[in-house]
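Handing you a structure now.
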Amino acid sequence: MSGSLAKMMRSDAGKGLTLVSPTLIYALLLLAAPLASIVLLSFWTQLATVAGQAQFDRTLQLSNYREALTDPLYRALMLRSLRISGMVMLVTVVLAFPVAYFISFHVRPDRKSLWLFLITIPFWTSYLIRVFLWRVILAYDGPVNSGLLALGVIDEPLGWILYNANSVVITLAHAYAPFAILPIFVALEKIDRSLLEAARDLGESKAMTFLRVTLPLAMPGVLAAVLIVFIPTIGDYVTPQLVGGSGGTMIANNIHAQIFALNDRPMGATLAVLAMLIVAMVLLWGIARARFWLWLMDRAGGGFAGIGLALAVAVAEITVIRVAFSQGPALIGAGASVIALLLVATALSAFILWRLPKGRWGI
Amino acid sequence: MSQKTPIVTLTGVQKYYGDYHALRGITAEIGQGEFFSLLGPSGCGKTTLLRSIAGFEDLSEGQLLLDGRDMEGVPPNKRPTNMVFQSYAIFPHMNVAENVGFGLRRSSMSTEEKRRAVGEALEMVGLGKFGARAAHALSGGQRQRVALARALIMKPKVLLLDEPLSALDKKMREVMQVELIRLQREVGITFILVTHDQEEALVMSDRIAVMFEGEIAQLADPETLYRRPNSRRVAEFIGMMNFLPATVLPTGPGGGRVALEVAGLGRAELETAQCPGGAAIGEAEIGLRPESLTVLYEGQSAEGGREAEGTVREVVYYGDMTYYDILIDGAPSPVRVSMRNMPGRRVLDFGARARLAWDPRAMVLFC
Amino acid sequence: MRLNLLAIFAAVYLLVLYAPIVLLPLFAFNDGTVIAFPLRGFTTQWFAALLDTPALHQATFNSLVIAVSTAIFATILGLFAARAATRYGFPAKAGIIGFIMLPLVLPEVIVAISLLIVLMQLGLNSGTWSIIAGHTLICTPFAIAILQGSFANMDRSLEEAAVDLGETAWSTFRLITLPLVSPGIIASLLICFTISLDEFIIAFFLSGNEPTLPVYLWGQLRFPARLPVVMALGTILVILSVLLLVVAETFRRRGLKRAGLKDTGGFL
């Protein structure tokens, strides 16, 4: 027994586990245990605060979740967070792709690391101050407005660029730029250049080579960029607080308010858990649908017919979801409609991921 | 090639990686001062065997004796072996002399003695003036020499070389082959070389173990391996060989000889030594090296009338040699014949008829 | 033509990326209390004001203590995990490493709130040590990413060669492994230090009455009169971060050179 244990410890597996254990134990204690405890806390309810000590009803119940899913305020908050994160992700990735492409394909090899370095530098400077400076830039009398006024593009300062969701999107898109560029750049760098030459040699135009070879091969990088931008932005606190105004608050601001201002820790925990669940479910939905739409496109023989079909199916499903979300509460109640929606959408995602093989975009 | 006192004894060595059976019962003895090669395709277990001798892999079963001592549980740093790694593993943060003297750190020599030892080792590999050179400023051949000096300075009982020449270009490889033979003769240490290059093994080794799928298929000196491979697989791996279907006849001539009917060539009689895999009456194959077939020109005739006729199907001109693929009348597939090009000797054209001389003494029988 | 358009786009992109940082020194040296254009004139009074703000000095000190401790702890934990990940195969390896790397993609607010709630439930007071713990958690993945690169770049047979030449496992680590990954270790220390110094959310949730520099800054942003001083402080911070980064990058490249490899990109 002790002999076999000693042999196990000498094996690669034993040495590896021993070596990784300090870090693993640290992560278990400071990440897994706290995460588990906020999940637990989210099922408790706040009773009252007596002399600064919070009192909890420790029976496990779903009342926080019921409140979060039915109260229009929370619903609006979560939808807005999702919408802002989605916009940030879209803007960041769409703007980052050409830059990553430029660095990978048009910058001399010995200059590439300099470009990457230049792009990462702003990311390492104080986040707080960067966000605050966007407030200055976008302000009523800031450089954007005064510049546009001086150029005669506008007659009066733009009011819609500060203290709302737009300014949050602009600021976050700026903050997460390097996170989008780097993974796309890495994916583009991995593309064997002779593949592109082969495509040209086989008669494809430059544009079609890009669409048929470069873009599909860069897709894993784009996907990584999507994940790495979407997930953290949904929990951002500083940007909505500084430039968001009342119309641009996001879930993290509310979590903070629940804990520090309202002293309702279980509700704060519930919102945090919901934020994680929403992110997970939306990503699952996005990956499953991307795979499904690609599959549809291929089934329809590609080309415009395929793109059309996939687009039609996508628009149809999104419309159904929107209608269900807005009309559901009136028909079967707010909580029930959200749960039904989540169950159906997630079940569909799981079904797609289970039945359809991994597509050519690596998702 | 007399068998010397064994320095390495392998008995029933087995190695498993999970379900993968990497070494399947290796038994061999390697003699004192021998240049021994482990030859085989990639994945045959030759490197695993070498690393097991060095102590980097534990044996799953079986026994390994080094100089008569059981190596079970002895770590690499306590074994009387040293290794030249495939990548050479030159420490990049040390200069040449520091690399070569690395293993002396724990020895009881004085600083002066160590310096002298390093100098001698460098001299031996022809790098006398390179001691202060930075590791990254070395060429491939020089790195190889540093790795050799670094291992030899330890005066190991066995020097292990893991594909030491595979990273070098063709010219450098030939230079280093000769260099290694010279070094081995000079220091008299047992060398065990792992290689997938049959030519390299034939050139350098006293004995070669050909390995396939974790087993030794044949262990012999280079000449035996080349002339009398014991299986078609070994024959195919070492050099080029032609195979022709043959029938072992029941009515042998006696005296330990075997009578055959070879497709396209006719009747032949072989010594038992030419049947290293044994001979059984019925269908079989014979193997013939390209150089043991000769194209006959006008006026030439074969000894004993052992001639065959055929059509040239392919001509490959190499400068000093020409290779012909000739389909012998009555044979199912062409045989390759190599002919030295000489002044006045005409290179045959594609499609020409050709006469061939063959010699039964060059044949090997595979059943 | 296409190349030109792309190049122009990339240049504009870079310009916008730097826009906020370029504004910073403008306002830091601007002789006016309002952070708006037009600029008034040159002054260094805001930098002078930094010197006589004791609360700022205390916050800076707290931040430095946290950042240095975080850098050390995260790099040590990173060394263990990176070594295990590059050198050994073990059961559930992808799951274990993935879990350790999780803070990289988890919204920071989740980490912050879960740590805060645990502390509150345990009745412990949050403070400098809890921020160090939180920062170590989020910095370890960065340390692992950097160190994994260093370990992976190192030819495994170098260590085997040292053992083969008579060294023990420990002396091999000291003589061969450590010197070869030391550029990675230094880069990891610097990066973790920078991340910790700049981290706001976790510090904000856990700081209690010991604010870090970003938390102090956050408090100052509410007072318009203090903004020019904040700009001055921001300028100094930006310059320091850039300096640290250049040093870290230099070490990373030196490490690559030492390992005899070609440069293939940045930290991430």
task = Name the member of G268(A), P109(A), P183(A), P122(A) that forms the most heavy-atom pairs with chain C at distances under 4.5 Å.
result = P122(A)

Top contributor to chain A contacts, counting heavy-atom pairs under 4.5 Å, from T136(C), V230(C), I76(C), V111(C) = T136(C)

key: CZ (F73(C)) with more than 12 external heavy atoms under 6.0 Å   =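 Incorrect, the count does not exceed 12.
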
task = Determine the option with the most heavy-atom pairs under 4.5 angstrom with chain C, choosing from H174(A), M276(A), Q241(A).
result = H174(A)

query = What part of A139(A) lies closer than 4.5 angstrom to a heavy atom of chain C: side chain, backbone, both or neither?
reply =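 Neither the backbone nor the side chain of A139(A) comes within 4.5 Å of chain C.
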
key: Among the listed options A272(A), A32(A), P22(A), the residue most often paired with chain C at heavy-atom distances under 4.5 Å   = P22(A)

key: Non-hydrogen atoms of A13(A) and F90(C) that approach each other most closely   =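 Between these two residues, the closest heavy atoms are O-CB, 3.5 Å.
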
message = Show the nearest heavy-atom pair for residues A269(A) and I117(C), with the distance to one decimal.
response =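 Looks like CB-CD1, 4.1 Å.
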
query = Do L242(A) and L221(C) come within less than 4.5 Å of each other through their side chains, counting heavy atoms only?
reply =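 Yes. Closest side-chain heavy atoms under 4.5 Å.
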
inquiry  = Is it the case that the side chain of Y88(C) and the backbone of V20(A) share a donor-acceptor pair, with hydrogens and angles ignored and the cut-off at 3.5 Å?
reply    =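 Here the side-chain-to-backbone pair does not exist.
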
inquiry  = Is F230(A) in contact with chain C via its backbone, its side chain, both, or neither, using a 4.5 Å heavy-atom distance?
reply    = neither

ask   = I259(A) versus chain C, heavy atoms under 4.5 Å apart: side chain, backbone, both or neither?
value = side chain

message = Under 4.5 Å from any heavy atom of chain C, what part of A96(A) do you find: side chain, backbone, both or neither?
response =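 Backbone plus side chain of A96(A), per the 4.5 Å heavy-atom cut-off to chain C.
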
request  = Measure the shortest side-chain to side-chain distance between F99(C) and L31(A) over non-hydrogen atoms and say whether it is less than 4.5 angstrom.
outcome  = yes

message = Measuring from atom CG of L227(C) to atom CZ of R135(A), what distance do you get when rounded to the nearest 0.5 angstrom?
response = 7.5 Å

query = Tell me, side chain or backbone of L244(C) under 4.5 Å from chain A's heavy atoms, or both, or neither?
reply =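 When you check distances to chain A, no heavy atom of L244(C) falls under 4.5 Å.
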
request  = Answer with side chain, backbone, both or neither: which region of Y13(C) has an atom nearer than 4.5 Å to a non-hydrogen atom of chain A?
outcome  =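 Looking at Y13(C), just its side chain touches chain A.
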
key: Per-residue contact mode, L41(A) against chain C (heavy atom under 4.5 angstrom)   = side chain

Winner by heavy-atom pair count (cut-off under 4.5 Å) against chain A, out of A84(C), A19(C), P107(C), P20(C) = P20(C)

note = Residues V99(A) and A10(C): closest non-hydrogen pair is CG2-CA, 4.4 Å

ask   = Rounded to the nearest 0.5 Å, what separation is found between the CZ atom of F102(A) and the CG atom of L5(C)?
value = 11.5 Å

Between CG on residue L133(A) and CG on residue L24(C), distance to nearest 0.5 Å =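 Output value for this atom pair is 5.5 Å.
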
ask   = Donor-acceptor pair, Y26(A) side chain versus A133(C) backbone, under 3.5 Å?
value = yes

remark   = Max heavy-atom pairs within cutoff under 4.5 Å with chain C, candidates A33(A), A177(A), A36(A), goes to A177(A)

ask   = Above 12 or not: heavy atoms from other molecules or residues under 6.0 Å from CZ of F80(C)?
value =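 No, because the 6.0 Å sphere around CZ of F80(C) holds 12 heavy atoms or fewer from other groups.
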
query = In chain order, what residues pass the side chain to side chain donor-acceptor pair (under 3.5 Å) check against Y127(A), with sequence neighbours excluded?
reply =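 Here the qualifying residues are D236(A), T239(A).
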
ask   = Checking A175(A) against chain C: side chain, backbone, both or neither under 4.5 Å from a heavy atom?
value = neither

task = Would you mind telling me which of M120(C), K93(C), E108(C) has the largest number of heavy-atom pairs within less than 4.5 Å of chain A?
result = M120(C)

key: Contact check, side chains of R265(A) and Q121(C), non-hydrogen atoms, under 4.5 Å   =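 Of all side-chain heavy-atom pairs linking Q121(C) with R265(A), at least one is under 4.5 Å.
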
query = In terms of heavy-atom pairs under 4.5 Å with chain C, which of I129(A), I38(A), L128(A) leads?
reply = L128(A)

query = Which is it for L106(C) and I231(A) under the side-chain contact (heavy atoms from CB on, under 4.5 Å) test, yes or no, and what are the steps along the way?
reply = CA-CA 7 Å; L106(C) 209 59; I231(A) 301 174; 5.8 Å; no

remark   = When the 4.5 angstrom heavy-atom criterion is applied to I181(A) and chain C, the contacting part is side chain

inquiry  = Return the NE2 to CG distance between H106(A) and L6(C), rounded to the nearest 0.5 Å.
reply    = 5.0 Å

inquiry  = Counting heavy-atom pairs closer than 4.5 Å to chain A, which one of V109(C), L119(C), L137(C) comes out on top?
reply    =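 Of the options given, most contacts go to L137(C).
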
Gap separating the OH atom of Y237(A) from the CZ atom of F205(C), nearest 0.5 angstrom =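 If we round to the nearest 0.5 Å, Y237(A):OH and F205(C):CZ are 7.0 Å apart.
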
query = Given a strict heavy-atom distance threshold of 4.5 Å, which part of L28(A) is in contact with chain C: side chain, backbone, both, or neither?
reply = both

ask   = What residue, out of L35(A), L29(A), I251(A), I228(A), has the most heavy-atom pairs lying under 4.5 Å from chain C?
value =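 Most pairs with chain C among the choices: L35(A).
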
key: For chain A, the option from V105(C), I239(C), V16(C), L17(C) that forms the most heavy-atom pairs under 4.5 Å   = L17(C)

message = Between L17(A) and P91(C), is there a side-chain heavy-atom distance shorter than 4.5 Å?
response =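 Yes, side chains in contact.
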
query = From I110(C) CD1 over to I255(A) CD1, what is the distance, rounded to the nearest 0.5 angstrom?
reply =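 The CD1 atom of I255(A) is 5.5 Å from CD1 of I110(C), to the nearest 0.5 Å.
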
request  = Against chain C, label S37(A) side chain, backbone, both or neither, depending on which of its atoms sit under 4.5 Å from a heavy atom there.
outcome  = side chain

request  = Using non-hydrogen atoms and a 4.5 Å limit, figure out which bit of L95(A) sits close to chain C: side chain, backbone, both or neither.
outcome  = both

ask   = Knowing that exactly one of F204(C), F200(C), W218(C) qualifies, which makes a ring-ring contact (aromatic ring centres under 6.0 Å, His included) with H256(A)?
value = F204(C)

query = Where the side chain of S126(A) meets the backbone of D198(C), is there a donor-acceptor pair that is under 3.5 Å apart?
reply = no

request  = Using non-hydrogen atoms and a 4.5 Å limit, figure out which bit of L102(C) sits close to chain A: side chain, backbone, both or neither.
outcome  = side chain

note = Answer key: most heavy-atom pairs under 4.5 Å with chain A among T194(C), L237(C), L115(C) is L115(C)

